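Below is one structure; the comments refer to it alone.
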Amino acid sequence: MTQDDSHVGANFIRNLIDADQKSGKHDGRVTTRFPPEPNGYLHIGHVKSICLNFGVAEHYNGSCNLRFDDTNPAKESEEYVNAIKADVKWLGFEWDELRHASDYFDQLHDFAVDLIKQGKAYVDSSSAEEMRQMRGTLTEPGRESPYRNRTVEQNLELFAGMKAGDFDDGEHILRAKIDMSSGNINLRDPALYRIRKISHVRTGDKWNIYPMYDFTHCLSDAIEDITHSLCTLEFEDHRPLYDWVIDQLDTPSHPQQIEFARLHLEYTMLSKRRLIQLVNDNLVDGWDDPRMPTILGLRRRGYTPAALKDFCERIGITKNDSVIEMAVLETCIRDDLNTHAERRLAVLDPIKVVITSLADDHAQELTFKNHPQDDSAGTRPYTFTKEVYIEREDFAENPPPKYQRLIPGGEVRLRGCYVIKCTEVIKNSDGDVIELHCTHDPDTLGKKPEGRKVKGVVHWVSAKTAVPATVRLYDQLFNTPNPAAEASFEAALSPNSVTVLSNALVEPSLAQAPAETRFQFERTGYFVADRNEHSESNPVFNRVVTLRDVWAK
RNA sequence: UGGGCCGUCGCCAAGCGGUUAAGGCACCGGGUUUUGAUCCCGGCAUUCGGAGGUUCGAAUCCUCCCGGCCCAGCCA
């Protein structure tokens, strides 16, 4: 491919920036920021925003800051700050500068005083309830507060009192003086500063007042010289306010706010509130539960940064309120792991097979390729012995139509080994199959059998060398494409979102693998050694995703 | 019924007045294969929410209509 690939990853925002570049706006500089509020863990919706912001900066050789929007000390904590930093790093992005909205509290305060002096902000002493009453409705204009025409001096004095801690929470509030009859409710004298007598993670007890988002975000962007402030669609209505604030004040720059659609993914839930509920109500095992759509959960599930970035690339950036099918995400991780994960053999639900044609002490060293298409992945030794285990579902006494596996009297190939024939089915007193007796065809190692076709291939482990392991199979957390639309989201929880197999048998190299190593267990799916629980003495694997399975359909 | 935004294949998404309306996912064939995987090859919108209009020419411009999303926190 020698062609121009500047169009890949193109979207309406990039088109817009291209136009800016052409017109020389910002002198061609591009600076973005990813601005999470540290009040929860990041999820795949944030990944979209992270990839966009860092991706755009990278594309134009610009920079991207990580900025914590920490203006509400009641909800924020250091725990979240650290988790967010770790998540962004894990995704492979490096921020240009690490900032906090709280870094600007002094400047923000001065800007507020400036606004008051200009007669464009006033202290309102109405209660929250009164303010709500006077705000009007979607179809009726609001009414002006009786405090709206306080003098500059009164406002300055009151605001200073708020700052000094002379008043209690809710007694006064600083509001912008814009237009109580605006069709855009955000312009009906929005709150700028509220009294909150609680300490802040970073500024401690210095402040008794904290700035609101609408006042903070635009000014923080301006202070950091952000060129393109990318945010989600629900802030479209706030853009006139974003511009208003900056227009009234003497700021270093006037960034452009551009909105794009949030991510919606089928069979999951990306609302922070709901996610917190899942954790708090113990409906999942914490923020890093492999079923969670959090970055931590996806990571523990076995997703890779590359797959998540590929996903963001594939879904695009638009203003369409779209819903992505899970298949897209799954395809991304399969693609990545198909090319990068080594193959291994693991029997999840074992049934014993005795090769009666072999000597009791038979131990034959075979060599298996670690990757069928990539020789650089090397090989590993594999031992064939008289007793092996195969998957219980790879044997059927009464096979369904087109079944290609082992049946009584039938033949199947042991992966990388010989073709075996089932000669006897051993059952217990309940009639359950507990063991199979087979003979092997010594002429089929690395060769097709003569005079007949054996289509089935099954994976196996040697009874002598296999290691017991715990394997967890995951499925969608919810049983409906749009759980958020359900009356009770607990009712939408799938009862079978996790299956723990504690009798699995895996090849020895798997137990020795470091945590977070990903493999393809041939024929069963992609798995990852659990980040928290896996060890050589207690191997634990999570299924990332199944293999594509045409037959299952 | 106020304000803002969105509607191109089952799901995403290019397209920006002249293209046979990209591409991906999904799906449906067929080939290779010691993973029912991978890989390969082929199929998959005479039509762009609808109706009018402008134009030699419209998914792209205009008008009206229909459908969907967001906004009434001293949250972000």
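Chain letters run A, B, ... following the sequence lines, proteins first and then strands; every chain starts at 1. Fair warning: this is a prediction, and the values are worked out from it, not measured in the lab.
- Mapping A:R343 and A:R132 onto RNA chain B by nearest heavy atom places A:R343 at the nucleotide closer to the 5' end.
- Applying the 90° criterion around 0 to the glycosidic angle, B:rG73 comes out syn.
- Judged as a ring pair (Phe, Tyr, Trp, His ring centres under 6.0 Å), and not counting sequence neighbours, A:Y303 has no contacts.
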Could you go through the side chain to side chain contact (heavy atoms under 4.5 Å, CB included) check for A:R523 and A:V458 one step at a time?
CA-CA 8 Å; A:R523 304 210 310 130; A:V458 302; 3.8 Å; yes
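- Across all strands shown, B:rG7 pairs with B:rC66; the Watson-Crick or G-U wobble distances both stay below 3.5 Å.
- Between A:R262 and B:rA76, a side-chain N or O to OP1/OP2 separation shorter than 4.0 Å is absent.
- Distances shown here put a side-chain N or O of A:R196 below 4.0 Å from the OP1 or OP2 atom of B:rC75.
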Nucleotide-resolved protein contact map, nucleotides 2-9 of chain B, B/S/- at heavy-atom distance under 4.0 Å:
BBSSSS--
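- Across all strands shown, nothing is found opposite B:rC16 as a Watson-Crick or G-U wobble partner with both distances under 3.5 Å.
- With both pairing distances under 3.5 Å, B:rU55 is matched to nothing as a Watson-Crick or G-U wobble pair.
- In this structure B:rA21 sits in no base pair that meets the Watson-Crick or G-U test at under 3.5 Å.
- Phosphate proximity of B:rG36 to A:R523: present, with a side-chain N or O under 4.0 Å from OP1 or OP2.
- Residue contacts shown for A:K453 are absent, as no nucleic acid heavy atom lies under 4.0 Å away.
- For residues 174-193 of chain A, the ring-ring contact (aromatic ring centres under 6.0 Å, His included) pairs, not counting sequence neighbours, are A:F159-A:Y193, A:Y193-A:F215.
- Remark: C1' of B:rC74 and CG of A:D214 are 12 Å apart, rounded to the nearest angstrom.
- The nucleotide B:rU32 finds no pairing partner, because no Watson-Crick or G-U wobble arrangement with both distances shorter than 3.5 Å includes it.
- Of the residues in residues 412-419 of chain A, those with a non-hydrogen atom less than 4.0 angstrom from any atom of RNA chain B are A:R413, A:R415, A:G416, A:C417.
- Using a 4.0 Å heavy-atom distance criterion, A:V458 is classed as making no nucleic acid contact.
- Put simply, A:W551 rests on the base of B:rG36: the two rings are less than 5.5 Å apart at their centres and nearly parallel, under 30°.
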Collect all protein-nucleotide pairs involving nucleotides 15-19 of chain B in which both atoms are nitrogen or oxygen and the distance is under 3.5 Å.
from   : atom 1 : to    : atom 2 : distance (Å)
B:rC16 : N4     : A:N15 : OD1    : 3.2

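- Proximity of residues 35-46 of chain A to RNA chain B (heavy atom under 4.0 angstrom from any strand atom) is restricted to A:E37.
- In the set B:rC70, B:rC12, B:rC74, the nucleotide with an atom closest to the side chain of A:I173 is B:rC74.
- In summary, the side chains of A:E79 and A:Y41 do present a donor paired with an acceptor at a separation below 3.5 Å, with no hydrogens or angles considered.
- Between A:E266 and A:R314, the residue anchored closer to the 5' end of RNA chain B is A:E266, taking for each the nucleotide with the nearest heavy atom.
- Base pairing of B:rC48 is not made with any nucleotide, judged by Watson-Crick or G-U wobble geometry with both donor-acceptor distances under 3.5 Å.
- A:T331 has a side-chain polar atom (N or O) that falls below the 4.0 Å cut-off from OP1 or OP2 of B:rA26.
- Between the side chains of A:T444 and A:R413, no donor N or O sits under 3.5 Å from an acceptor N or O.
- Backbone-only engagement by A:A327 is indicated by non-hydrogen atom pairs under 4.0 Å involving sugar-phosphate atoms exclusively.
- The phosphate of B:rG36 (OP1 or OP2) has no side-chain N or O of A:K402 nearer than 4.0 angstrom.
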